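Here is the structure we will look at, set down as structure tokens.
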Amino acid sequence: MKTFDKDRLMLAIAGPALALVAAFALTMIVLGATGINPIEPLRIMVENAGYEDIQVLIVNQAGTYYLAALAVAIGFRMNLFNIGVDGQYRLAAMVSAVVGTAITLPGPLHILLIVLVAMMTGAFWAGIAGVLKAKRGVSEVVSTIMLNAIATSLIAWLILPKNLGVQVEGSNDLTTGEIAQSGWFPALSLGDSGEIYGFTFVAFALGFVYWFVLNRTRFGFDLRASGASESAAAASGVDSKKMIITAMLISGAVAGLSGMPVLLGESHTYTLVFPVGVGFTGITIALLGRNSPVGIFFAALLMAFIDKASAGLDTAGYAKEIGTIMKGLIVIAVVVSYELVRRYGIRRQQQKVGEELASGGAIKTDKEVAA
């Protein structure tokens, strides 16, 4: 049993480690091939991350990424690929901003209302794909991609001044109006270094909730069983179609929370420059973190580090898009390295079975059973 646990731990670590090593090696090769010093940009990024204000930005960004990755991971555990997290997150942020601006309540109730609206909006948008998958067999990959496009167009229409938007005086930007201060989530002030969004701590706390529900509750067992084998889950009395809809609703609700750190902690409004692409980065983070709350945490920090530390590369004469290249190579490396590790794991397991048979372990077990 101990040997098996060691092998499993080794395989769990080998995938992300191999992916990161390969991604950084490929980045250096690409930079070197274009005539750029491959070490200097990385050195500058590490140096930038040493500043406290950059560290605060990294932590805040990691909180947003963490929620998006949790939303993706919930779908993965059900064997569902929720590519629509980005659309669910943006639509939820906008609708909750509109409601939060229109209604004023005492502080905690105001914040709670905004959060609930965000969760319900995200759940509704993801639930459409869940119903299509369960009732009509429509691939959630196709439906969520289409819903992303619809969400983008819907937001662009809703934010027009003639609908729900507000034209900023002296600017071409459109907003939903500013949420009253009672709807601002308290932040942790670090003086001149800035503030850590209060909702960032909520995001990391949800990682524990995610782990507990999946690993210590009957619902979590049913979810994982349905994702592993629908027929086996059905044999144990689990309605797989119901679980598909439930998983997509929960995934969408968590996706809706992804915009709360920024909305409640900094912008207090939804504008045309509200961060985009968060959901797609969440897919990378969930894959790199192997759907584990701890793995996702470190993967979110890594992606946030690349985002914020690479922003200052242009001042040193390097293109800040180097960070984008690194993130793209990580995606490729994750897919390839995990497949290699999976194949090695199968061969290793077959080898162990062969060694056990050769040593007479199977005969001994039969005698013990007969006795």
Side-chain angles (χ1 to χ4, degrees), residues 64-96 118-159 223 226-227 230 240-259 262 270 272-291 296 299-300 303 307 324-325 327-336 338-339:
T64 298
Y65 283 163
Y66 192 74
L67 287 169
L70 283 183
V72 176
I74 291 169
F76 280 160
R77 297 306 296 265
M78 181 62 199
N79 202 24
L80 296 171
F81 201 165
N82 182 9
I83 300 182
V85 168
D86 199 68
Q88 296 151 21
Y89 138 82
R90 288 185 290 113
L91 187 62
M94 183 192 175
V95 173
S96 60
M119 293 179 67
M120 289 188 292
T121 304
F124 169 75
W125 207 245
I128 297 174
V131 171
L132 290 174
K133 171 76 172 181
K135 302 298 185 181
R136 291 291 183 265
V138 178
S139 169
E140 75 282 1
V141 175
V142 175
S143 60
T144 51
I145 289 176
M146 295 177 67
L147 286 168
N148 273 343
I150 295 173
T152 300
S153 300
L154 183 60
I155 291 170
W157 179 74
L158 289 175
I159 205 169
L223 185 74
S226 300
E230 287 190 18
S240 59
K241 292 185 177 180
K242 180 180 178 181
M243 291 303 299
I244 288 173
I245 297 175
T246 303
M248 288 299 292
L249 288 173
I250 297 175
S251 178
V254 177
L257 292 177
S258 301
V262 174
Y270 185 93
L272 295 177
V273 296
F274 204 81
V276 298
V278 170
F280 298 108
T281 303
I283 295 173
T284 303
I285 293 171
L287 288 171
L288 185 60
R290 298 187 71 96
N291 302 324
I296 290 174
M303 290 299 175
D307 274 352
T324 305
I325 294 173
K327 291 169 66 174
L329 291 174
I330 288 176
V331 175
I332 298 174
V334 163
V335 175
V336 175
Y338 281 11
E339 178 62 20

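Note that the structure is predicted; figures quoted are calculated from it, not measured.
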Using the salt bridge (charged side-chain N to carboxylate O under 4.0 Å, His left out) criterion, which residues pair with Glu339? Sequence neighbours excluded. Arg342, Arg343

Separation between CG of Leu70 and CD1 of Ile285, rounded to the nearest 0.5 Å: 10.0 Å

CG (Asp86) and OG1 (Thr281) are apart, to the nearest 0.5 Å, by 8.0 Å

Please output the side-chain donor-acceptor pairs of residues 121-128 that fall under 3.5 Å, not counting sequence neighbours, one pair per line with the distance.
{"from": "Thr121", "atom 1": "OG1", "to": "Val117", "atom 2": "O", "distance (Å)": "2.7"}
{"from": "Trp125", "atom 1": "NE1", "to": "Leu147", "atom 2": "O", "distance (Å)": "3.1"}

Donor-acceptor contact below 3.5 Å, side chain Ser258 vs main chain Ala68: yes

Using the ring-ring contact (aromatic ring centres under 6.0 Å, His included) rule, collect all pairs that involve residues 69-88, keeping only residues at least two apart or in two chains. Phe76-Phe81

Which atom names give the shortest non-hydrogen contact between Ser96 and Ala93, and what distance separates them? OG-O, 3.0 Å

Heavy-atom distance under 4.5 Å between the side chains of Met94 and Leu158, does that happen here? yes

Partner residues of Val138 under the side chain to side chain contact (heavy atoms under 4.5 Å, CB included) criterion, sequence neighbours left out: Leu132, Arg136, Ser143

Working to the nearest 0.5 angstrom, can you tell me the gap between Leu257 CG and Thr64 OG1? 11.0 Å

Set of residues satisfying ring pair (Phe, Tyr, Trp, His ring centres under 6.0 Å) with respect to Tyr270, sequence neighbours excluded: Phe274

CD1 (Ile296) and CE (Met303) are apart, to the nearest 0.5 Å, by 12.0 Å

Yes or no on side chain to side chain contact (heavy atoms under 4.5 Å, CB included) for Val95 and Met120, after CA distance, side-chain angles and deciding distance? CA-CA 10 Å; Val95 173; Met120 289 188 292; over 6 Å; no

Closest heavy-atom contact between Leu288 and Ala299? CD2-CB, 3.9 Å

Which side-chain N or O atoms in residues 241-254 pair as donor and acceptor under 3.5 Å with protein atoms at least two apart or in another chain?
{"from": "Thr246", "atom 1": "OG1", "to": "Lys242", "atom 2": "O", "distance (Å)": "2.8"}
{"from": "Ser251", "atom 1": "OG", "to": "Ala71", "atom 2": "O", "distance (Å)": "2.6"}
{"from": "Ser251", "atom 1": "OG", "to": "Asn82", "atom 2": "ND2", "distance (Å)": "2.8"}

How far apart are the closest heavy atoms of Ile83 and Asn148, and which atoms are they? O-ND2, 3.1 Å

After noting the C-alpha distance and the side-chain angles of Lys327 and Thr284, does the key distance pass the side chain to side chain contact (heavy atoms under 4.5 Å, CB included) rule? CA-CA 8 Å; Lys327 291 169 66 174; Thr284 303; over 6 Å; no

